[in-house]
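Working notes, structure below.
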Amino acid sequence: MKTDYDVVIVGAGFSGLYMLHKLRELGFRAHVFEMGDGVGGTWFWNRYPGARCDVESIEYSFSFSDEIQQEWNWTEVMPAQPEVEAYLNFVCDKLDLRRDIEFETKVTALTYDDASWIVETARGRRVTCRFAICATGCLSAPLEPAIDGLHSFGGTTLYTNRFPKGGFDFTDKRVAVIGTGSSGVQSIPVIAQQADELYVFQRSAAYTLPSNTRPLEAGELEELKANYADIRRAQKNSPAGTVRFGAFAAFIPNGPVTKIMDATPQERIKAIDDRGWLGAFLWSDVMFDIEANKAATELYGEMIKRVVKDPDTAASLVPHYPFGCKRVIIDVDYFETFNRDNVTLVDLRKDPLEAITPTGIKTSSSEFEVDVLVLATGFDAMTGSLLRMDIRGRDGRRLADEWAEGPRTYLGLQIAGFPNLFTITGPGSPSVLSNMVTSIEQHVEWIADLLDEMRSTGQTVIEPTTEAQDEWVGHVATFAFGVRVDPTCASWYLGANVPGKPRVYMPYSGGVPQYKAKCDEVAAADYEGFVRT
Ligand code: NA7
């Protein structure tokens, strides 16, 4: 059967761009649909003030082209949003990708029919393709919080995950930020510098560590570039796909050996005296023993007290849930910001948010009049971007029904009953627990090799068996224990930030090298667990 394209890719972020390039290189007719009017995906939409990556630029970048990595010049250790977006535009131009990307075109439905997919868009386009690849990202379905009166607010409402392209000037404005995940924590210090008054509405305090970002020094980038072969090799062999995971480096391969539960109070305090914020967590038992985790949080609270002058504010800034169950944030001057005269923390655990009114925010004890409302309230992570499309597989089965109790995939790459549909960094793969770029490259290359092989052997349809999928889902679930699934922690890894979403720990926690070895083994065993016809 003749289709309009061999492959349709949904999304033009890191994964969609590389997938397009790879398929074009192999001679496939590939086409990308992208909702935004530019490339970048997550890095296109999340352009809020202070947005910054938590992996170093030298590693948060494509490794597949030495020309690209030698030509592009990073200016900072941890790249800020504008630089990542500029980098992706550079890659796009360099590889002449734009001509195969259809912008401002949201895919609304994907329907499997007769060994091919029908793709429908919000603009009324309907095209067919043999393979459909969802490069839709893990954090791209924005959440609107269920707060009474949200749409009654008469001032300006801004979402961090859809921030205006030209930025926003907060000068002389009274501002409220709701949400203290990464987006809130990164934007609050920047907004505070401009705003007249800033109220921070916090439901859950954040575990955040100071970023080690700084401008790259003269000669430093050149030296790093000269070592790229070694850096990339090390990345691929490291559990998180990065060897310089900013502030987290110390947690990753050969972690600390001393237990906090064996340490005296004096030894604990000495740890933060000597090592600062990291001293609170650099103990071998913190991730495995909930009492150790609580002791580490107490030390973290001590650090907060050393920075934040107001004792009530300092106490409210200590998280009530275990360290490590949510993604740890990196920040620039977050705690210091609460010492400013124009910044007030509103602890919603003590003073719950009741409603948004036409003039501001009402809590159970007060009313706050503001001009601007900034919502940093997160995403329907990992599955939202897929389930917001109407995806129907073999015999009309709906993905939304198949995943009613949580996502089920084989290797995070394919779904039983949905032949020829692929997800890049889908649930059940390391994705958000790793350097996304490392994981994206591995997925793209694996899918490209598979499609190339299928073409050469005359195969047209591939789908995982339910047995292989069940086994993989079971394996992924074996890591869902301890702090990861702590009932006090509403993490998006677990779907617990979305009312009614099934609680399933979605990413694969076994590490990048182990995961890649499994994917390679499957391919070498004639794509074991998949049926091809
Ligand atoms: P997050 O990390 O999901 O943070 C969302 C924040 O918004 C979090 O503090 C929530 O509190 C808060 N929130 C959500 N709904 C409400 C309501 N109704 N009232 C008050 N507060 C609310 O999203 P981000 O965009 O910051 O970061 C997402 C990821 O992007 C991040 O992990 C990095 O990997 C990059 P809660 O914790 O639910 O109590």
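Model, not experiment: these values are computed from the prediction. Just so you know, ligand 1 is whichever comes first in the structure, and atom 1 is the first atom listed for that ligand.
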Self-check item: atom 9 (O) of ligand 1: nearest protein contact (heavy atom, Å)
Solution: T180 N, 3.0 Å

Quiz item: What do you reckon, does S183 have a nitrogen or oxygen under 3.5 Å from a nitrogen or oxygen of ligand 1?
Solution: yes

Exercise. Answer with side chain, backbone, both or neither: which part of V432 has a heavy atom less than 4.0 angstrom from an atom of ligand 1?
Key: neither

Quiz item: Atoms of ligand 1 less than 4.0 Å from G378 heavy atoms?
Solution: 3 (O), 5 (C), 23 (O), 25 (O)

Quiz item: Which protein non-hydrogen atom lies closest to atom 4 (O) of ligand 1, naming both residue and atom, and how far is it?
Solution: G181 CA, 3.4 Å

Practice problem: Give a yes or no on whether the ring-centroid distance for Y60 and W43 is below 6.0 angstrom. | Solution: yes

Practice problem: Run the numbers on Y410 and I415 for side-chain contact (heavy atoms from CB on, under 4.5 Å), then give the verdict. | Solution: CA-CA 6 Å; Y410 183 35; I415 305 154; over 6 Å; no

Quiz item: Between L139 and ligand 1, which residue portion shows a heavy-atom distance shorter than 4.0 Å: side chain, backbone, both, or neither?
Solution: side chain

Self-check item: Contact check, I178 vs ligand 1, heavy-atom distance below 4.0 Å
Solution: yes

Self-check item: Any N/O pair T160/ligand 1 closer than 3.5 Å
Solution: no

Self-check item: Under 4.0 Å to a heavy atom of A376 - the qualifying atoms of ligand 1, by number
Solution: 5 (C), 6 (C), 7 (O)

Quiz prompt | Where L143 and N161 come nearest, the two heavy atoms and their spacing | solution = N-ND2, 4.3 Å

Quiz item: If every non-hydrogen atom of D285 is compared with every non-hydrogen atom of I260, which pair is closest and at what distance?
Solution: OD1-N, 2.9 Å

Quiz item: Can S434 and Y515 be counted as having a side-chain donor-acceptor contact under 3.5 angstrom?
Solution: no

Quiz item: For ligand 1, which part of A381 has a heavy atom less than 4.0 Å away: the side chain, the backbone, both, or neither?
Solution: neither

Self-check item: Spacing of F62 atom CZ and E441 atom CD [to the nearest 0.5 Å]
Solution: 6.5 Å

Quiz item: Does L353 come within less than 4.0 angstrom of ligand 1, counting non-hydrogen atoms of the residue?
Solution: no

Exercise. Give a yes or no on whether the ring-centroid distance for F170 and F168 is below 6.0 angstrom.
Key: yes

Practice problem: Using a strict cut-off of 4.0 Å, indicate which atoms of ligand 1 neighbour a heavy atom of G179. | Solution: 6 (C), 7 (O), 9 (O), 12 (C)

Quiz item: Which ligand 1 atoms does I147 reach within 4.0 Å, using its non-hydrogen atoms?
Solution: 18 (N)

Quiz item: Has Q202 got any heavy atom lying under 4.0 angstrom from an atom of ligand 1?
Solution: no

Quiz prompt | Side chain, backbone, both or neither: F379 near ligand 1, heavy atoms under 4.0 Å | solution = side chain

Quiz prompt | Per atom 32 (O) of ligand 1, closest listed option by heavy atom (W492, F201, Y321) | solution = W492

Quiz item: Hey, which atoms in ligand 1 end up nearer than 4.0 Å to a heavy atom of K326?
Solution: 37 (O)

Practice problem: Report the relative orientation of the aromatic rings in Y87 and F14; use parallel for angles under 30°, tilted for 30 to 60°, perpendicular for over 60°. | Solution: tilted

Quiz prompt | Subset of ligand 1 atoms that lie under 4.0 Å from at least one heavy atom of P145 | solution = 18 (N)

Quiz item: Is the ring centre of H443 less than 6.0 Å from the ring centre of W446?
Solution: no

Quiz item: Are Y207 and W277 near enough that their ring centres are under 6.0 Å apart?
Solution: no

Exercise. Could you list the atoms of ligand 1 found under 4.0 angstrom from a heavy atom of S204?
Key: 36 (P), 37 (O), 39 (O)

Self-check item: Aromatic ring proximity F479/Y505, centre distance under 6.0 Å
Solution: no

Quiz item: Of all the non-hydrogen atoms in the protein, which one sits nearest to atom 14 (C) of ligand 1, and at what distance?
Solution: R203 NH2, 3.6 Å

Quiz item: To the nearest 0.1 Å, how far is atom 34 (O) of ligand 1 from its closest protein heavy atom, and which atom is that?
Solution: R327 CD, 2.9 Å

Quiz item: In the protein, which heavy atom is nearest to atom 33 (C) of ligand 1, and how far is it?
Solution: S182 OG, 3.4 Å

Quiz item: Are the aromatic rings of Y18 and F64 close, with centres under 6.0 Å apart?
Solution: yes

Practice problem: Determine the interplanar angle of the Y199 and F201 rings, folded into 0 to 90°, and report it as parallel if under 30°, tilted if 30 to 60°, perpendicular if over 60°. | Solution: tilted

